[in-house]
Each structure stands twice: as C-alpha cells, then as structure tokens.
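Only one structure is covered here, and it is reproduced in the block below.
Throughout, residue positions are numbered sequentially from 1 according to the sequence presented.
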Amino acid sequence: MAQPDDAPAIRPQGLLDQSAAAWIVLGVLLLFTFSMWRFFDAQLEDRSHDRFQHQVDNARSALKNRMQAYEQVLNGTAGLFAASTEVSRAEFRRYVESLELDEALPGIQGTGFTLMVPGTQRPAHVAAVRAEGFPDYRIHPEGERDTYSTILYLEPFEGRNLRAFGYDMYSEPIRREAMNRARDTGRAAVSGKVVLVQETEDDLQAGFLIYLPVYRDNDVDDVLSRRALLHGFVYSPFRAHDLMQGVFGNSSGDTSRNTSGTTTHDVEIEVYDLEADPRNLLYSSRTPDHTPRFTTDRMVEFGGRVWVLRIGSSAQFEQDVRHSEPYLVLLAGIVVDILIFAVIYGSIRHRRKMRRSAARLAESRDEFRTLVENVPGVVFRCAPQPPWRILHINKGILDLTGEPPEHFMGQAHSLAEVIHPDDRPRFEETMMSSILGRTPYEAEFRVRSRFGRIHWVSARGQGVFDRNGSARWMDGVMLDITERRAAEAAIRQLAFIDPLTQLPNRRFLLDRLRQALANSDRTRLFGALLFIDLDHFKDVNDTLGHEAGDSVLTEISQRLKHGVREGDTVARLGGDEFIVMLENLGDKAEDAVEKAEAIAGKILAELGEPLTVGGHAVTATPSIGISIFCGQDPGADELIQRADRAMYRAKAAGRNRIEHHLAF
Ligand SMILES: Nc1nc2c(ncn2[C@@H]2O[C@H](COP(=O)(O)OP(=O)(O)OP(=O)(O)O)[C@@H](O)[C@H]2O)c(=O)[nH]1
C-alpha cells in the first residue's frame with residue numbers, strides 16, 4: 001500500500017556530536033566547579049594568611065614592647081646611680097624590690113650593677129666587699145687584667161644569681177662587646193648569645209644581657225669622656241627561654257593569651273641573634289615534626305642588636321583555619337555537575353533510542369508494505385459503507401480490474417463499481433452484517449474488469465472500530481477464485497450430470513427427489529415418478545453400433561426434456577433408463593395419477609416417433625412405470641423401485657406402454 005515515507009532518518013554523526021556535547025558540558029561544569037573551589041580556597045587561604053600575619057605582628061610588637069619595658073627598668077636603675085654614685089647594696093635592693101619585677105615583667109633573671117674596677121684597685125676593692133660581709137668574695141674568673149668589671153649587686157640576690165656575684169663580665173668577649181657599645185653610646189646595649197653564669201647543668205638555656213652605662217659624671221658628651229668617666233653598668237641578665245615564654249606564652253599547651261596579648265597557640269616562634277643560624281638560636285617554641293604552612297621572618301632591632309624572629313603557623317592554627325567549605329563546594333559542585341551530565345546524557349540516549357525505534361518502525365513498516373504489496377491477491381481497506389470507497393489498496397487490483405491502485409485511492413473508482421451488479425446486494429448484506437455484529441466477513445462475488453472480463457473473487461476481512469463501537473474502516477483480502485470456481489463447476493458437472501446426455505444423473509435425481517419429497521410433505525401436493533426404459537435398445541447398438549446408440553440416447557433425452565415442464569426433472573439413471581420427476585400435481589391422488597398418465601402418454605407418443613441415426617430410421621419406444629408420491633413416505637429409493645417394478649410390468653405386458661405402481 002503506497003504511503004509517504006515520513007520515517008525519521010538516523011544520523012549517527014549527529015548523535016555522536018550530541019554525546020560529545022554532553023561530555024563537553026560536563027567538562028565545562030567541572031572546570032567551573034574547580035574554579036569556584038580554587039576561588040573559595042584562595043579566599044580562605046588569604047584570610048588565614050592575614051590572620052597569621054596579624055599574629056606575627058602581635059608577636060613582634062610583644063617582644064619589642066617587653067624589651068623596651070626592660071630598658072625602662074634599667075633607665076630607672078641607672079637614674080638611681082645618677083643621683084648618687086655611692087648606691088649602697090641595701091638601697092639597690094630596696095629600689096629593685098620596689099619595682100616588683102616578678103609581677104610586672106616576668107622573665108627577667110635579675111637586675112644588677114657591675115662596677116668597673118681598674119686592675120690596680122682590685123685588691124682594695126675585694127677587701128672592701130669582703131669587709132662588707134662577704135668574706136668569700138672574689139672577682140672571677142681569676143687572672144690579671146687591666147680592667148675588671150665585677151657584678152657587685154644583683155637582685156634578687158639569691159639562688160642562681162649568687163653564682164654571678166663577683167663575676168667579671170668584661171673578661172668575656174661577647175659581654176665586653178655589648179658593654180663597650182653601651183659605654184660608647186651611652187645607651188642600652190643588648191649582648192650576643194651567651195650562657196649566663198647563673199646557668200647550671202639543669203635546664204641549660206641560652207641567655208643575653210642588657211647593659212646601660214653608669215658614668216661618674218652626667219656630663220658625658222662624647223666617646224672619650226664616656227670612656228673616661230665610666231663607673232659601671234646597670235644590667236639585666238635574661239634566660240632567653242624563660243623570657244620568651246613570658247612574652248609569647250607556652251605555645252605547646254596554653255591557649256590563653258599571654259601577657260603581651262599574642263594568641264600563642266597560633267604561631268611557633270624561633271628567635272635568633274643576628275641571623276637565622278642554629279648556632280644563634282635564642283629561643284624556639286617549634287613543635288618537632290611539624291612543618292608550618294605559613295612562615296615568615298621579622299627583624300627586631302633593640303639595644304643595638306638585631307634579632308631574627310622566625311615565625312611559623314602552629315598545628316593548632318592550621319587546624320583552626322582548615323575550612324571544609326571549599327571542599328563542600330567542590331563535592332556539591334561535582335555532584336550537581338554529574339547530575340546535570342546524567343540528565344543531558346540520559347536525554348540524548350533516550351532520543352537515540354527513540355530514533356532507533358522510529359527507524360526500526362519505519363523499516364518494519366517498509367517490510368510490511370513490501371509484504372502487503374507482494375501478497376498474491378488484493379489487500380484493501382475501504383470505507384465502512386457503500387459504495388465502499390477505497391482508502392488503501394495494493395497493486396493486485398490491477399490484475400483484477402485493469403485499473404491501478406491510484407485510481408481507487410484517488411476515488412476515481414469505488415469497490416462497489418467493480419462488483420458485478422448481481423452480486424452487489426449480497427456483498428453489501430455480508431458487509432453490513434459484519435459491521436453490525438463486529439464479526440469477520442467472508443464473501444464471494446464477481447468483479448468486472450475494464451476490459452469486460454469477469455473474475456470470481458473471495459473477500460475475507462473484518463472491520464476496525466473506534467472506542468464508541470463505530471466502524472472506522474473495513475480491512476480485507478480478495479483472492480481471485482475464478483479458476484477454483486471453474487474447477488468446482490467441472491467437478492459438480494462430473495458428479496451430478498450424465499456426460500452423454502447432459503441430464504442429471506442418478507445422484508442428482510436422488511437429491512432432487514428428496515428435496516421434492518420434503519416440499520411435498522410440506523405442501524401436501526402430489527408428485528409422480530415416470531420410470532422410462534427404451535424397448536429393445538440393445539438391438540440399436542447391435543445393428544447400428546454403439547455410437548448410433550449414443551445418438552439415440554441423446555435424441556431421446558432432448559425429446560424427454562421438451563416433453564415436460566420447466567420445473568420438472570429429467571434424469572438418466574444409466575443405460576437406456578430415464579426418470580422423469582413431476583411435482584405439484586395437485587392435492588388429490590386421482591388428479592395426480594391422471595396428470596402423470598397424461599404426461600407419460602405424451603412421452604410415449606413423442607418417443608414413439610422414429611428418429612434418424614446415420615441415415616437409418618430408428619424407433620425407440622419406451623416402457624413407462626409410474627409411482628405417485630405425497631409426503632416423505634415411502635422414501636426416494638422405494639419410489640424409484642416402485643416405478644421400476646411398474647415399468648417391468650409394462651415390459652412384461654408387451655412394451656411401449658404405461659403401467660402404474662399398483663399400491664399407493
Ligand atoms: N449406445 C449405448 N448403449 C448403451 C449404453 N448404456 C447401455 N447400453 C446398452 O443398452 C442396452 C440395454 O439393454 P436392455 O435394457 O437390457 O435390453 P433391451 O434391449 O432394451 O430390451 P428390453 O429392455 O427388454 O426391451 C444394452 O445392450 C446396453 O449395452 C450407452 O451409454 N450407450
């Protein structure tokens with residue numbers, strides 16, 4: 001059946017492109033997600049770094065402030081000596097105690113005064129101090145030197161500090177360098193890294209000292225006068241670790257703020273003298289095995305000395321600033337990206353499936369169309385009412401009608417037009433009955449071609465109905481059964497017609513007779529059988545030959561047919577035996593007998609007329625036996641036998657005569 005080819009074509013390249021587009025979208029989304037993650041991460045990293053820098057600044061300020069505070073203490077102590085160069089040990093102690101340094105500035109090891117003693121005055125000086133109540137006093141280390149400095153006062157004068165009493169700091173190069181610097185500048189000077197004499201084997205720490213010069217006269221304007229008038233130094237020794245702990249707090253566990261306000265758990269601090277060399281390390285709060293994420297070096301200049309603060313972020317700090325938001329953004333982003341990708345990819349796959357299905361459908365439709373076109377016969381679909389307008393029809397109709405399918409689908413012809421007019425009512429009745437009963441239909445009818453040929457067709461099919469039960473159309477297949485019909489007719493002919501005379505044979509007669517008996521039973525009208533046997537027919541065969549005998553039989557048949565009415569039956573039982581069946585002979589037996597006799601008489605007369613066969617005149621008189629019937633009894637076979645017996649009686653009585661079956 002011809003239909004427009006509207007099936008969508010598959011474009012594999014296009015689908016491939018769409019798949020690639022989905023992957024590209026995923027790539028772009030992932031790129032965007034990673035960018036967002038990096039952006040947030042960088043933002044938080046900056047904030048963390050700012051916070052770290054803030055802590056670094058705090059630490060540096062704290063150290064600087066603390067050192068300035070110590071300088072202030074020394075300035076005050078130096079002022080004590082400026083007021084009176086003869087400061088007694090008791091005055092010094094009272095003064096230092098009044099400062100309450102333990103409370104105000106924890107970490108200071110002590111506050112002291114070291115007196116410069118020329119080598120020549122050493123014995124007198126030692127004697128004077130011993131006389132003061134320190135009989136073991138001596139300047140140490142021992143040795144002859146031009147100038148000594150001796151720690152005369154050191155408060156608190158107890159514990160470790162007692163070990164420093166009498167110590168000549170000037171004899172030690174690092175201290176001497178700071179002392180000379182303080183002496184020449186008149187300002188506080190911080191020493192390099194030393195080990196304080198207070199140190200014991202226990203808890204050995206690096207140390208340093210701050211010196212502030214004390215002159216015998218306040219009028220010291222230049223280096224020479226300062227050197228000439230130097231009296232001694234007020235100073236403070238520091239155990240570096242203890243001091244820094246006071247400034248920075250205990251970074252390993254103390255999460256509170258220290259006295260300087262630094263949040264000590266955020267940073268780890270190393271303090272170096274001059275440069276970041278392990279040999280110069282003054283202090284370290286570094287945690288072993290921890291590599292800080294942020295590190296920075298800061299210089300602190302104080303008392304003519306530069307310290308390097310190497311500050312790193314602590315593990316605690318890094319723990320605090322570790323934010324999960326960027327990772328959540330990353331994770332959520334990836335999930336959303338994958339979801340979007342899944343939706344796009346799924347949609348593409350779905351479209352691909354749909355296209356494949358459509359292609360398969362189109363393919364199978366084409367195959368079906370080919371199948372329908374190639375089916376022997378006519379496949380059609382028509383409107384469900386006369387004149388059965390054709391909706392679809394295959395090319396088989398061309399063979400039947402000589403018209404191409406287009407003429408039918410273009411509505412130039414309807415189905416009714418090609419059906420033989422005699423068959424149309426039967427066809428329409430069949431179709432309407434199928435529609436009403438919603439049952440399959442089957443009809444045989446004749447179709448006329450445009451060339452006048454008649455084809456017998458068998459149509460089978462059924463209607464297609466909508467939800468309301470109304471027929472939408474009728475589908476069907478027509479097969480050309482012309483040959484079958486002819487074959488059937490031939491078979492029927494052979495089965496029921498005597499081939500020589502073309503009269504119904506015995507089987508046909510029996511069928512007709514039974515039908516007649518049934519009719520008679522219903523109508524109660526009489527009928528009769530005339531059993532006719534030709535007299536001495538054998539002689540014809542014997543004298544003129546079998547063919548001549550056939551001709552005689554044929555001629556006799558014609559005469560018999562002409563001798564009866566249209567509705568009466570003339571049959572040949574075989575040989576030279578014939579039966580004439582008469583119906584509707586009235587409702588009285590006498591009348592029926594009379595009429596049967598009249599017809600038998602007429603036959604007797606007609607057959608008695610000579611006929612010419614092969615130039616020979618032949619006379620074939622008959623002997624006729626009559627049996628009358630009304631209703632089913634006694635049955636077809638018995639009726640024939642009765643007529644036969646009557647016929648034999650006619651033979652016996654001399655032939656060429658009529659006899660009745662005696663009993664009725
Ligand atoms: N030519 C021809 N002869 C046939 C045919 N069928 C039967 N016969 C012959 O018809 C003859 C019938 O003979 P019967 O009816 O027995 O005897 P009859 O000679 O007619 O004599 P009666 O019937 O006693 O008067 C036989 O010789 C058959 O061979 C046929 O189809 N054609």
Close side-chain approach of [X] and [Y], heavy atoms under 4.5 Å:
| X | Y | value |
| --- | --- | --- |
| K595 | L582 | no |
| D337 | F32 | no |
| E577 | R506 | no |
| F537 | L553 | yes |
| L361 | R365 | no |
| L494 | P499 | no |
| L509 | I640 | yes |

Would you call the rings of Y441 and F380 parallel, tilted or perpendicular if under 30° counts as parallel and over 60° as perpendicular?
tilted

Nearest heavy atoms of [X] and [Y], plus distance in Å:
| X | Y | value |
| --- | --- | --- |
| L530 | A596 | CD2-O, 4.1 Å |
| F629 | L513 | CE2-CD1, 4.4 Å |
| W456 | T482 | N-OG1, 2.8 Å |
| C382 | W388 | CB-O, 3.8 Å |
| G631 | R524 | CA-NH1, 3.7 Å |
| L479 | P376 | CD2-O, 3.2 Å |

Q493 vs Q502, test: side-chain contact (heavy atoms from CB on, under 4.5 Å). Steps then yes/no.
CA-CA 9 Å; Q493 186 83 359; Q502 296 301 309; 2.7 Å; yes

Would you indicate whether [X], at its atom [atom1], is surrounded by more than 12 heavy atoms from other residues, nucleotides or ligands within a distance under 6.0 Å?
| X | atom1 | value |
| --- | --- | --- |
| Y648 | OH | no |
| Q385 | CD | yes |
| R655 | CZ | yes |
| F465 | CZ | yes |
| R460 | CZ | no |
| R507 | CZ | no |
| E594 | CD | no |
| K651 | NZ | yes |

Just by distance, do the side chain of D466 and the backbone of N468 share a donor-acceptor pair under 3.5 Å?
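Yes: the side chain of D466 pairs with the backbone of N468.
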
Quick check: does any side chain N or O of Q411 sit under 3.5 Å from a backbone N or O of F408, one acting as donor and the other as acceptor?
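The answer is no, because no donor-acceptor pair under 3.5 Å joins these two groups.
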
Side chain to side chain donor-acceptor pair (under 3.5 Å) pairs, two or more places apart, involving residues 422-437:
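Residue pairs with at least one partner in residues 422-437: D423-R426, D423-R446.
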
Criterion salt bridge (Lys or Arg N to Asp or Glu O under 4.0 Å) on E363 and R356, from CA distance to verdict:
CA-CA 10 Å; E363 197 178 320; R356 278 186 186 150; over 6 Å; no

Check the pair T501, R572 against side-chain hydrogen bond (donor to acceptor under 3.5 Å, both in side chains), reporting the backbone distance first and the verdict last.
CA-CA 8 Å; T501 61; R572 182 188 176 204; 5.1 Å; no

